[in-house]
S.K.: 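Before we start, here is the structure in question, set down as structure tokens.
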Protein chains: 2
Amino acid sequence: MTQTSAQDEIRVAVSTVIFALRRTPEDVREWEIVMPVVKRTRDPYEGDWALPGGWLRPDEGLADAAARTLRETTGLAPSYLEQLYAFGAVDRAPGRTVSIVYWALVRADEASAAVAPENVEWFPVKRLRGLAFDHDEIVAYASWRLQNKVGYSRIAQGFLPELFTLAELREVYEAVLGKSLDPANFRRQVEASQAILATKEFRTGAHRPARLYETNQALELADRGPLRNQ
Amino acid sequence: MTQTSAQDEIRVAVSTVIFALRRTPEDVREWEIVMPVVKRTRDPYEGDWALPGGWLRPDEGLADAAARTLRETTGLAPSYLEQLYAFGAVDRAPGRTVSIVYWALVRADEASAAVAPENVEWFPVKRLRGLAFDHDEIVAYASWRLQNKVGYSRIAQGFLPELFTLAELREVYEAVLGKSLDPANFRRQVEASQAILATKEFRTGAHRPARLYETNQALELADRGPLRNQ
DNA sequence: GCAAAAGTGTTAGGGCTACACCCATGC
DNA sequence: GCATGGGTGTAGCCCTAACACTTTTGC
């Protein structure tokens, strides 16, 4: 383990793939996954969209840097934040850059309320193409991880506000997985999983009132093994 | 995204957690998971054991660096190599170091045949304690990932030579999962999974000869989503 | 023949899926 | 009353676990 002078050429960046859910403009009954991207103001890829991120500071941890990035671009605190992958191909950017990429969920209600700074815009993930650097590939991988993880953990709740109906939770799953789910079976499964707790409140609307649920704080949203607080 | 001069203080290392399987010295019918570690020859942690690794070179990719590390310490090529996690806590080492950690499997027969260089020793993972830096934590996380992944993918075959019996494959699962499995049900499950192909050869021994199988190359050992060749 | 591992058969139980059905509300 | 979404019941199917049983070898 000898420090070479060549080492100085390698720079470390942190980027974050931020997922939120919103009702589609075309049909309010549908949901779509959206993500904020930042317009680059300098070369390389000037004018192109890129993932929010920045250089790692010597005095901050990796997750701290991701949370800072997220705060700076969305003004939000994530309801879920996890490291995605470290990208370090030699030719992925001019100059040798290793990017530690995180992915995050923000709540639907918060995302729509947040005031986006200049140069930041939210796009549906489905229509995101032609991002700067290798960011298309990164988004594809993050989307795959999200979809995977929704299948075997409880992170879908990270998209929802404190109180929600079972139908809303089911719609989140349907939007992420891209298929419709049987309401009856969905209800039984999430109830059996202990992932949510029934409250005494109901949401009234056009039809029979629906019971409101809250996430069971005693359970982690996802089992991350021995790395709870990285 | 402005490059600060402080950035120069951050160094990038690559380390690898290397798993192999061997029969225990105490009881040849038992298997145990072993891992090579390197004795540090300089401060910090001089004389302690640490994961094999080194500084990332500007002209090599992350996985290339991990494979080089693996080759230098074991003389082997991995049958499976995957990125584990990027560790970058501010205080994890004197001077700011971000470590991109990989984990690898090497075949049982190759591992025992490999000539370990000076300063490298193989230890059972169960008895590994007091490694340098945060390497205890890294080994714990890698072990958790291995155990997890064996549950839902086919990587267990990465421990075995080209031809193996069903009993050998089952013993690998038993060693990694730490519990015994029903031979009859195990057989049916792996046969149904298409993960292995029957050959026409048999292994003779003390009892009824056992059919030899080979891994089905058409299937990936583990689904890694859109990141096939990182 | 006997011990032991290889390999096959069978059954009970749990979870998932599909879908029929009842309930409570606004209009 | 009626349309609609909320919520319950239930039967079939598949997968799994448990274990009895047969086969094949070395000694």
Side-chain angles (χ1 to χ4, degrees), chain A residues 23-24 27-31 147-148 150-154 156-157 160-161 163-214 219, chain B residues 23 27-31 147-148 150-154 156-157 160-161 163-214:
Chain A
R23 299 192 181 272
T24 61
D27 181 351
V28 260
R29 290 166 308 178
E30 296 282 312
W31 294 84
Q147 196 165 337
N148 245 350
V150 160
Y152 65 84
S153 77
R154 309 295 152 206
Q157 295 166 53
L160 290 174
L163 295 179
F164 49 87
T165 67
L166 280 174
E168 286 166 346
L169 183 59
R170 177 170 47 81
E171 282 166 357
V172 172
Y173 275 85
E174 289 175 339
V176 174
L177 298 176
K179 62 177 181 183
S180 57
L181 302 171
D182 184 306
N185 296 329
F186 181 81
R187 160 183 301 274
R188 275 182 292 252
Q189 280 172 12
V190 302
E191 278 176 347
S193 76
Q194 309 263 339
I196 58 176
L197 300 174
T199 69
K200 287 175 178 166
E201 296 180 67
F202 288 82
R203 171 159 305 157
T204 57
H207 304 293
R208 173 173 172 177
R211 184 181 290 275
L212 290 172
Y213 290 80
E214 61 188 356
L219 267 63
Chain B
R23 300 193 181 271
D27 182 350
V28 263
R29 291 166 306 179
E30 296 282 312
W31 294 84
Q147 196 164 338
N148 247 348
V150 160
Y152 66 84
S153 77
R154 309 296 152 206
Q157 294 166 53
L160 291 175
L163 296 179
F164 50 86
T165 67
L166 280 174
E168 286 165 345
L169 183 59
R170 178 170 47 81
E171 283 165 357
V172 172
Y173 275 86
E174 289 176 338
V176 174
L177 298 176
K179 63 178 180 182
S180 58
L181 302 171
D182 184 306
N185 296 329
F186 181 81
R187 162 183 300 274
R188 274 182 291 252
Q189 280 172 14
V190 302
E191 279 176 346
S193 75
Q194 311 262 341
I196 58 176
L197 300 173
T199 70
K200 287 175 177 167
E201 297 179 67
F202 288 82
R203 171 159 303 157
T204 57
H207 304 291
R208 174 173 172 175
R211 184 181 289 276
L212 291 172
Y213 290 80
E214 61 188 356

S.K.: Taking CD from B:Glu174 and P from C:dA5, how many angstroms apart are they, rounded to a whole number?
M.R.: 12 Å
S.K.: From the set C:dA3, C:dC19, C:dG7, return the single nucleotide nearest to any side-chain atom of B:Phe202.
M.R.: C:dG7
S.K.: Judged by each residue's nearest nucleotide on DNA chain D, which is more toward the 5′ side, A:Pro209 or B:Asp182?
M.R.: A:Pro209
S.K.: Rounded to the nearest angstrom, tell me the gap between atom CD in A:Glu191 and atom C1' in D:dG9.
M.R.: 14 Å
S.K.: Return the nearest nucleotide to the side chain of A:Ala167; candidates are C:dC19, D:dG6, C:dT17.
M.R.: D:dG6
S.K.: Mark yes or no for a side-chain to base donor-acceptor pair under 3.5 Å between A:Arg170 and D:dG6, with no hydrogen or angle criteria applied.
M.R.: no
S.K.: Given atom NE2 of B:His207 and atom P of D:dG26, what is their separation to the nearest angstrom?
M.R.: 10 Å
S.K.: Mind calculating the distance between CZ (A:Arg211) and C1' (D:dT8) to the nearest angstrom?
M.R.: 14 Å
S.K.: Check whether any side-chain heavy atom of A:Val172 lies under 4.5 Å from a side-chain heavy atom of A:Trp31, and answer yes or no.
M.R.: no
S.K.: Return the nearest nucleotide to the side chain of A:Arg188; candidates are C:dA18, C:dG7, D:dG6.
M.R.: C:dA18
S.K.: Would one find a side-chain N or O of A:Arg208 under 4.0 angstrom from OP1 or OP2 of C:dC23?
M.R.: no
S.K.: As a test of reading the structure: which of D:dG6, C:dC19, D:dG5 is closest to the side chain of A:Asn185, going by heavy atoms?
M.R.: C:dC19
S.K.: To the nearest angstrom, how far is A:Gln189 atom CD from C:dA18 atom P?
M.R.: 11 Å
S.K.: In whole angstroms, how far is the C1' atom of D:dA20 from the CZ atom of B:Arg187?
M.R.: 16 Å
S.K.: State, yes or no, whether a side-chain contact exists between A:Leu169 and A:Gln157 at a heavy-atom distance under 4.5 Å.
M.R.: yes
S.K.: Is there side-chain contact between B:Tyr213 and B:Glu191, with heavy atoms separated by less than 4.5 Å?
M.R.: yes
S.K.: For a side chain to side chain contact (heavy atoms under 4.5 Å, CB included) check, start with the C-alpha distance between A:Leu177 and A:Gln147, then their side-chain angles and the critical distance, and finish with the verdict.
M.R.: CA-CA 6 Å; A:Leu177 298 176; A:Gln147 196 165 337; 4.0 Å; yes
S.K.: Measure from CZ on B:Arg203 to P on C:dG7 and round the result to the nearest Å.
M.R.: 12 Å
S.K.: Quick one: A:Leu181 CG to C:dC19 P, roughly how many Å, whole number?
M.R.: 15 Å
S.K.: Is there a side-chain contact between B:Glu214 and B:Glu201, using heavy atoms and a 4.5 Å cut-off?
M.R.: no
